[in-house]
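To start, the structure under review is shown below, and the notes come after it.
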Amino acid sequence: EPHQIYSIWSRGRVYFVDMFFIVFGLIFLFRKNFRAALFVIAMIIIGGIPGAIGGMPYSARNYFIAAFLPVLTAGGVMYIINYRRKLKYIALLFVFLLYSYQFSSYLFDYYYRYAYQAAESWAKSLKDVSDVILANDKKTIVSGVTFGDVVQYAFYAKLHPGNLQA
């Protein structure tokens with residue numbers, strides 16, 4: 001993504017562990033139904049075309065792929081679980097633990113790390129300046145501001161929009 005507002009930069013749309021399951025899912029799908037496997041691969045290739053020719057990278061252009069990768073991931077999980085019948089519950093526990101770790105890592109990134117690292121994407125410094133101005137009883141002169149900065153100050157100062165537009 002070109003801007004941190006749209007996503008967590010350290011994360012993609014697919015967990016790292018999904019890559020292994022996607023490979024096993026392809027094996028599983030080719031063994032079950034060769035034509036269906038070719039169809040899914042073709043849809044993934046076609047789904048990547050808008051992102052490839054669209055200029056700036058926005059992951060929303062590749063949403064079409066998001067419908068097929070979970071199918072392959074689920075096929076890979078099924079392949080691993082059914083590979084050895086005797087180890088089915090151990091494999092299921094292993095998959096559960098892997099995804100629990102990945103999900104908790106995502107939650108940590110989203111609620112703790114992202115709030116700190118991407119604060120400026122959400123105009124944190126403008127909020128800090130607005131707080132300093134509002135806490136100061138004296139007149140404050142600020143230079144080099146844009147209209148967007150003034151709008152941010154008006155928001156934090158809870159000014160009526162009509163006063164700003166006048």
Side-chain angles (χ1 to χ4, degrees), residues 1-130 146-152 155-156 161:
E1 298 291 341
H3 200 276
Q4 282 187 340
I5 290 177
Y6 302 125
S7 71
I8 299 175
W9 277 13
S10 62
R11 294 288 182 161
R13 293 188 180 273
V14 179
Y15 290 135
F16 181 72
V17 71
D18 284 347
M19 302 313 287
F20 298 109
F21 289 127
I22 287 171
V23 170
F24 287 120
L26 283 170
I27 294 168
F28 177 77
L29 197 55
F30 271 112
R31 287 184 178 178
K32 284 287 187 184
N33 189 338
F34 184 79
R35 291 184 67 196
L38 290 178
F39 174 75
V40 169
I41 289 173
M43 291 297 107
I44 289 173
I45 292 170
I46 290 169
I49 292 174
I53 64 174
M56 291 281 293
Y58 289 98
S59 63
R61 291 184 180 143
N62 294 326
Y63 263 159
F64 190 68
I65 294 174
F68 294 97
L69 291 181
V71 171
L72 290 177
T73 302
V77 169
M78 292 299 297
Y79 180 79
I80 295 296
I81 289 173
N82 293 326
Y83 184 69
R84 296 276 188 243
R85 296 274 183 201
K86 293 179 182 179
L87 302 174
K88 180 177 183 175
Y89 293 108
I90 293 173
L92 193 58
L93 177 66
F94 181 69
V95 169
F96 176 77
L97 291 174
L98 279 175
Y99 277 105
S100 295
Y101 172 75
Q102 291 286 310
F103 184 64
S104 62
S105 176
Y106 174 81
L107 290 178
F108 175 78
D109 279 354
Y110 186 77
Y111 286 107
Y112 295 103
R113 190 176 295 162
Y114 178 74
Y116 173 73
Q117 290 177 344
E120 191 53 37
S121 296
W122 295 93
K124 173 76 165 91
S125 61
L126 291 174
K127 181 184 184 314
D128 293 343
V129 168
S130 298
T146 65
F147 181 70
D149 300 340
V150 174
V151 170
Q152 288 286 331
F155 175 78
Y156 293 116

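Quick note: residue numbers are just sequence positions, from 1. Quick caveat, the model's predicted, so the values are computed rather than measured.
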Legend entry - S100 (side chain) donor-acceptor with F96 (main chain) under 3.5 angstrom: yes
Legend entry - Residues in side chain to side chain contact (heavy atoms under 4.5 Å, CB included) contact with F103, at least two apart in sequence or another chain: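 F103 satisfies side chain to side chain contact (heavy atoms under 4.5 Å, CB included) with Y15, L107 only.
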Inset, instruction - Can you spot which of L92, L97, L98 makes a side chain to side chain contact (heavy atoms under 4.5 Å, CB included) with F94? - result: L98
Inset, instruction - Could you tell me whether F155 atom CZ has more than 12 heavy atoms of other residues or ligands within 6.0 Å of it? - result: no
With a 3.5 Å cut-off and sequence neighbours excluded, list the donor-acceptor pairs that the side chains of residues 68-83 form with protein atoms.
unit_1, atom_1, unit_2, atom_2, d
T73, OG1, L69, O, 2.9
Y79, OH, R31, NH1, 3.4
N82, OD1, R85, NH1, 3.4
N82, ND2, M78, O, 3.2

Legend entry - Rounded distance (nearest 0.5 Å) linking atom OH of Y156 with atom CD of Q152: 5.0 Å
Inset, instruction - Nearest 0.5 Å please: distance from the CD1 atom of I90 over to the CG atom of L93. - result: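 Rounded to the nearest 0.5 Å, the CD1-CG separation comes out at 8.0 Å.
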Return all side-chain donor-acceptor pairs below 3.5 angstrom for residues 22-29, not counting sequence neighbours, or 'none' if the list is empty.
none

Legend entry - Close side-chain approach of R35 and N33, heavy atoms under 4.5 Å: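 Yes; the side chains approach each other to less than 4.5 Å.
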Legend entry - Side-chain heavy-atom pair F34, F39 within 4.5 angstrom cut-off: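 F34 does not reach F39 side chain to side chain.
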Legend entry - Heavy-atom closest pair, residues G47 and F64: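 Reported closest heavy-atom pair: CA-CD2, 3.5 Å.
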